[in-house]
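All ligand and atom numbering here is 1-based and tracks the order in the structure. Everything numeric in this text was worked out from a predicted model, so none of it was measured. Keep in mind that the numbers below use all heavy atoms, side chains included, and drop hydrogens, waters and symmetry copies.
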Amino acid sequence: MTDEHPEDAPIQSDDDTSRANLGRRILRANIEHHDRNVALYECSHPNLSHLYERYLLRRDLSELEDLLAGQQVRAVDVGAGTGRLALAFARRGWNVTAVDCSREMLRVLADRHQRLPAEMGDLTPAVCDAEQFLARGDEQFDLIAFSSVLHHLPGGLEILGDAARRLNEGGCLYVTQEPLPPTVPLKAPAMRVLKLLDDLFRLPQLVHRAIVRLSVPKHAVADGALIDYHVPGGLDIEAFEQRLAAEGIERRLLRRYKDRKSAVMAWLDTNLLRTPNWYFRYIGQRGGTDDPVQA
Ligand SMILES: C[S@@+](CC[C@H](N)C(=O)[O-])C[C@H]1O[C@@H](n2cnc3c(N)ncnc32)[C@H](O)[C@@H]1O
């Protein structure tokens, strides 16, 4: 593993409210939380692995395969976690650098990669802060991916700009599991009812998580509230695309969907109920000639 010791970043006093300091505190909380609670990660995020999400991910990956056809792809998965995207990339024969601030999350990913057949793509785990990884190096890539990471980072747009600059001509940026600005508060009665229904549909998952929790002690984290830091108001898709356009990235795909814990509710809400709070998945490309795909 390459290792740039993200924990070594100095933490300034708590009353320093600058964004850099907030970023360091969030990073520190994330490292501690993910290193200590890695065993609970996947059963606490069923929205990232249920059947409907897998179907949506397969569609995105097939789009990426078409856009990157004919290349020996060099990919980066930023905030790779236990490898949802990085392993899917490696299974396609793409060589992947998996960047994550948590050594323990990357350890799980690396173990899983070792169990893949030998002809799969190589994996280079990098224990590193996303911001530093993207801003500092000069190596170029064909694919840079973010899944459920950008909205946790206060400097998301700058990080996106740095990622865009690290793409080769024809290279793709893939962003998924990011919230659009909410138009209805989550505590509104209708939203609460839907959450309740979602919880009912995922009762088996809740039982599974309760069993895992019994066998693995849950570690509290100093500054724990910051683990769940969300960029206020979700990601502004217009600012996001303007930033990317300034770096020469054109949209190839933008899909809105509902991030729910159960596959049934995710499907129902995306296709029938269409409640107002959406998430998005995006593919952009530097150059290339394909027609854009809309949501
Ligand atoms: C919600 S998880 C998403 C994991 C994975 N991308 C997925 O889709 O399953 C967020 C991951 O980002 C990592 N992370 C959070 N902040 C980071 C940062 N500033 N730099 C690098 N990794 C970060 C966490 O350690 C965690 O593994």
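Here the heavy atom of the protein found nearest to atom 10 (C) of ligand 1 is S148 O, 3.8 Å. Protein heavy atom nearest atom 20 (N) of ligand 1, with residue, atom name and distance: A130 N, 2.8 Å. Looking only at protein heavy atoms, the nearest one to atom 19 (N) of ligand 1 is D129 OD1, 3.1 Å. Of the protein's non-hydrogen atoms, C101 SG, 3.4 Å is the one closest to atom 23 (C) of ligand 1.
Proximity to G81 (heavy-atom distance under 4.0 Å) selects the following atoms of ligand 1: 4 (C), 27 (O). Which parts of ligand 1 touch M105 is read off a 4.0 Å heavy-atom cut-off, strictly below it: atoms 27 (O). Taking every heavy atom of C128 and a limit of under 4.0 angstrom, the matching atoms of ligand 1 come to 20 (N), 21 (C). Atoms of ligand 1 found under 4.0 Å from any heavy atom of R84 (numbered from 1 in listed order, with element): 7 (C), 8 (O), 9 (O). Every atom of ligand 1 with a heavy atom of S102 under 4.0 Å away is listed here by number and element: 25 (O). Heavy-atom proximity to L27, at under 4.0 Å, picks out these atoms of ligand 1: 18 (C), 19 (N). Heavy-atom contacts of L48 reach the following atoms of ligand 1: 9 (O) (cutoff under 4.0 Å).
Here the side chain of R54 pairs a donor or acceptor atom with the backbone of S49 at under 3.5 angstrom. Without hydrogens or angle criteria, R59 side chain to Y55 main chain gives no donor-acceptor distance under 3.5 Å. The backbone N or O of M265 lies less than 3.5 Å from no partner atom in the side chain of D198, so there is not a single donor-acceptor pair.
Across K261 and S44, no two heavy atoms sit closer than the pair NZ-O, 4.1 Å.
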Practice prompt. Under the salt bridge (Lys or Arg N to Asp or Glu O under 4.0 Å) rule, what do E42 and R112 come out as? Steps first, then yes or no, please.
Written response: CA-CA 14 Å; E42 283 172 3; R112 288 179 178 170; 2.8 Å; yes
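Evaluated by nearest non-hydrogen atom to atom 6 (N) of ligand 1, the leading choice among G83, S44, G79 is G79. One option in D100, L150, V149, L134 has a heavy atom closer to atom 24 (C) of ligand 1 than any other, and that option is D100.
Counting heavy atoms under 4.0 Å from ligand 1, residue N30 touches it through the side chain alone. Counting heavy atoms under 4.0 Å from ligand 1, residue L153 touches it through the side chain alone. Contact annotation for Y41 and ligand 1: only side-chain heavy atoms (C-beta onward) come within less than 4.0 Å of the ligand.
With hydrogens and angles left out, the side-chain atoms of Q177 and D259 include a donor and acceptor closer than 3.5 Å.
A centroid separation of 6.0 Å or more is found between the aromatic rings of Y174 and F89. For Y282 and F240, the ring centers sit closer than 6.0 Å to each other.
A salt bridge does not link R281 to E63: none of the charged side-chain nitrogens sits closer than 4.0 Å to a carboxylate oxygen.
Checking D142, T97, I144 one by one against R74, the side chain to side chain contact (heavy atoms under 4.5 Å, CB included) holds for a single residue, D142.
With hydrophobic clusters built from ILVMFWY side chains whose heavy atoms lie under 4.5 angstrom apart, L57 shares a cluster with L116.
Taking any N or O of S147, backbone or side chain, at least one lies under 3.5 Å from an N or O belonging to ligand 1.
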